[in-house]
Undergrad: 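My structure is below; once you've seen it, I'll send some questions.
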Amino acid sequence: MRVFKIIFMLLSIIMLSCSNNDTQKKDYIVSNIESLESSENINALNINGTQNKILIAYFTWSDNTIVENPSSIDVDAETSASVLSPGNAELIANWIAEETGGDLFSIKTQNKYSSDYDECLNQARRERDNNERPALVGRVNNIDDYDVIFLGFPNWWYTCPMAVFTFVESYDLSGKTIIPFCTHGTGGLSRTIRDLKNLLPANCEVLEAIGVYRPEVKNSKSRVLDWLRKLGY
């Protein structure tokens with residue numbers, strides 16, 4: 001906006017350069033700058049007004065398990081660190097909330113997963129193979145208020161956790177903008193976005209997702225913020 005002000009001032013001076021009335025030049029420039037500042041304030045109000053229409057829903061292992069002895073967890077171990085809060089998807093969700101002012105919602109299952117990495121993955125694989133829809137705890141009662149939904153999850157067996165599909169199918173998301181973010185191992189995004197799109201209404205707009213390699217999540221804030229800004233958020 002400052003750049004446009006400067007350009008506008010220069011154009012104003014050029015437009016009035018043929019006039020000998022310096023007072024007229026000054027009054028004209030000041031008046032239009034004040035008008036631009038007023039518009040800038042209105043735009044800021046519009047931005048703040050739309051922030052409440054952003055939801056950041058995420059599924060993370062740490063919110064869907066019970067760790068009986070947290071002190072026994074090796075926080076430096078790639079396969080176990082995300083079992084402790086904040087989980088990987090939760091960490092990214094918090095950064096998105098800080099940047100956009102959106103509301104956070106953790107997707108939680110009624111039946112918890114094992115805090116043992118291998119056992120958790122075995123359970124996740126069974127759910128995937130059976131195309132299950134785990135029952136959830138909690139609900140977004142005002143889903144119609146949100147125009148934009150950031151949806152976060154880990155890559156479990158090359159797709160989304162089945163609980164994410166339960167969440168998607170629990171609401172009418174017609175016409176909403178969906179923005180996925182995914183944490184993953186060496187499998188990358190794999191089929192997560194494709195499978196998600198197959199469940200969403202045809203009139204949903206799915207924007208470019210971000211995938212963050214699990215060992216790099218904690219140091220990826222700047223990358224996540226760059227992604228948000230490229231999307232216009």
Side-chain angles (χ1 to χ4, degrees), residues 55-75 77-94 96-97 102-143 146 149-173 176 178-201 209 211-212 214-215 217:
L55 177 68
I56 304 110
Y58 62 94
F59 176 94
T60 191
W61 184 25
S62 64
D63 281 350
N64 286 282
T65 189
I66 298 174
V67 181
E68 294 182 359
N69 186 12
S71 62
S72 66
I73 302 298
D74 181 2
V75 295
E78 178 183 332
T79 58
S80 63
S82 60
V83 77
L84 299 178
S85 185
N88 289 329
E90 180 183 3
L91 196 58
I92 296 174
N94 286 333
I96 296 172
D103 299 326
L104 289 164
F105 179 80
S106 178
I107 300 171
K108 298 179 181 179
T109 57
Q110 287 185 7
N111 297 322
K112 301 304 179 185
Y113 294 85
S114 172
S115 59
D116 179 84
Y117 183 77
D118 292 330
E119 289 184 21
C120 176
L121 286 187
N122 287 337
Q123 182 178 348
R125 184 170 187 172
R126 288 193 298 271
E127 290 179 349
R128 183 207 65 177
D129 291 347
N130 296 325
N131 198 29
E132 295 181 21
R133 295 294 185 270
L136 303 182
V137 176
R139 182 174 177 83
V140 181
N141 293 321
N142 60 331
I143 195 73
Y146 297 102
I149 300 177
F150 286 87
L151 188 57
F153 45 82
N155 174 345
W156 277 8
W157 292 108
Y158 312 107
T159 188
C160 304
M162 295 297 104
V164 172
F165 294 157
T166 305
F167 175 85
V168 168
E169 293 176 340
S170 297
Y171 305 94
D172 180 6
L173 303 181
K176 297 188 184 298
I178 308 298
I179 310 176
F181 58 99
C182 175
T183 62
H184 59 79
T186 55
L189 291 173
S190 195
R191 300 193 307 266
T192 58
I193 308 306
R194 185 201 69 181
D195 293 348
L196 184 60
K197 286 181 177 180
N198 286 340
L199 291 182
L200 290 168
V212 183
R214 189 168 57 239
V217 169

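Keep in mind it's a predicted model, so treat the numbers as computed, not measured.
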Undergrad: Let me confirm one number: the CG-CG distance from N64 to L136, rounded to the nearest 0.5 Å.
TA: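 Going from CG on N64 over to CG on L136, the span is 8.5 Å.
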Undergrad: Distance-only, no hydrogens or angles: does the R139 side chain make a donor-acceptor pair with backbone N or O of S170 under 3.5 Å?
TA: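 Indeed, once roles are kept as given, a pair shorter than 3.5 Å links the two residues.
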Undergrad: So, do T183 and T60 sit near enough that their side-chain heavy atoms are less than 4.5 Å apart?
TA: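 No, their side chains stay 4.5 Å or more apart.
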Undergrad: From L151 CG over to L200 CG, what is the distance, rounded to the nearest 0.5 angstrom?
TA: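 It is 8.0 Å, given to the nearest 0.5 Å.
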Undergrad: Roughly how far, to the nearest 0.5 Å, is CD1 of I178 from CD1 of I193?
TA: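 Rounded to the nearest 0.5 Å, the CD1-CD1 separation comes to 11.0 Å.
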Undergrad: So how far is it from N122 CG to Y117 OH, rounded to the nearest 0.5 Å?
TA: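 Reported to 0.5 Å precision, the distance equals 11.0 Å.
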Undergrad: Is the backbone of Y146 close enough, under 3.5 Å, to the side chain of K176 for a donor and an acceptor to pair up by distance?
TA: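 Checking the backbone N and O of Y146 against the side chain of K176, a donor-acceptor pair under 3.5 Å is found.
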Undergrad: Are the side chain of D63 and the backbone of I107 linked by a donor-acceptor contact shorter than 3.5 Å?
TA: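 No, the answer is negative, given that no donor and acceptor are paired below the 3.5 Å cut-off.
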Undergrad: Please determine whether the number of non-hydrogen atoms from other residues, nucleotides or ligands lying under 6.0 Å from atom CG of N130 exceeds 12.
TA: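 Yes.
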Undergrad: How close do L121 and W157 get, heavy atom to heavy atom, and via which atoms?
TA: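 Residues L121 and W157, closest heavy atoms: O-NE1, 2.7 Å.
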Undergrad: Is any side-chain heavy atom of P180 closer than 4.5 Å to a side-chain heavy atom of L196?
TA: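 Contact flag for P180/L196 side chains = yes.
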Undergrad: Looking at every non-hydrogen atom in both residues, tell me the closest pair between I92 and V212 and how far apart they are.
TA: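 Scanning both residues, the minimum pair turns out to be CD1-CG2, 3.9 Å.
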Undergrad: Would you check if the side chain of W61 reaches a backbone N or O of S114 as a donor-acceptor pair within less than 3.5 Å?
TA: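 Such a contact is found between W61 side chain and S114 backbone.
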Undergrad: Determine yes or no for a side-chain-to-main-chain donor-acceptor pair under 3.5 angstrom, with T109 supplying the side chain and N111 the backbone.
TA: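 Yes.
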Undergrad: Give the minimum heavy-atom separation between G87 and S62, together with the two atoms involved.
TA: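 Smallest heavy-atom distance, with atoms named: N-OG, 3.3 Å.
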Undergrad: Looking only at heavy atoms, what is the nearest atom pair of W156 and P161, with distance?
TA: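 Reported closest heavy-atom pair: CE3-CB, 3.8 Å.
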Undergrad: Take F165 and D195 through the side-chain contact (heavy atoms from CB on, under 4.5 Å) test and state the conclusion after the steps.
TA: CA-CA 9 Å; F165 294 157; D195 293 348; 3.8 Å; yes
Undergrad: Looking at every non-hydrogen atom in both residues, tell me the closest pair between M162 and E132 and how far apart they are.
TA: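 Looks like CB-O, 3.3 Å.
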Undergrad: Closest heavy-atom contact between Y171 and V140?
TA: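 Here Y171 and V140 meet closest at OH-N, 2.9 Å.
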Undergrad: Do I56 and N94 touch side chain to side chain, with heavy atoms closer than 4.5 Å?
TA: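 No. Closest side-chain heavy atoms not under 4.5 Å.
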Undergrad: Drop me the distance from F59's CZ to E90's CD, to the nearest 0.5 angstrom.
TA: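 The distance works out to 12.5 Å.
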Undergrad: May I ask you to decide if P134's main-chain N or O and T166's side chain share a donor-acceptor pair within less than 3.5 Å?
TA: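 The answer is yes, because a donor-acceptor pair under 3.5 Å joins these two groups.
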Undergrad: What distance do K108 atom NZ and F167 atom CZ have between them, rounded to the nearest 0.5 Å?
TA: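 Interatomic distance, K108 NZ to F167 CZ, rounded to 0.5 Å: 13.5 Å.
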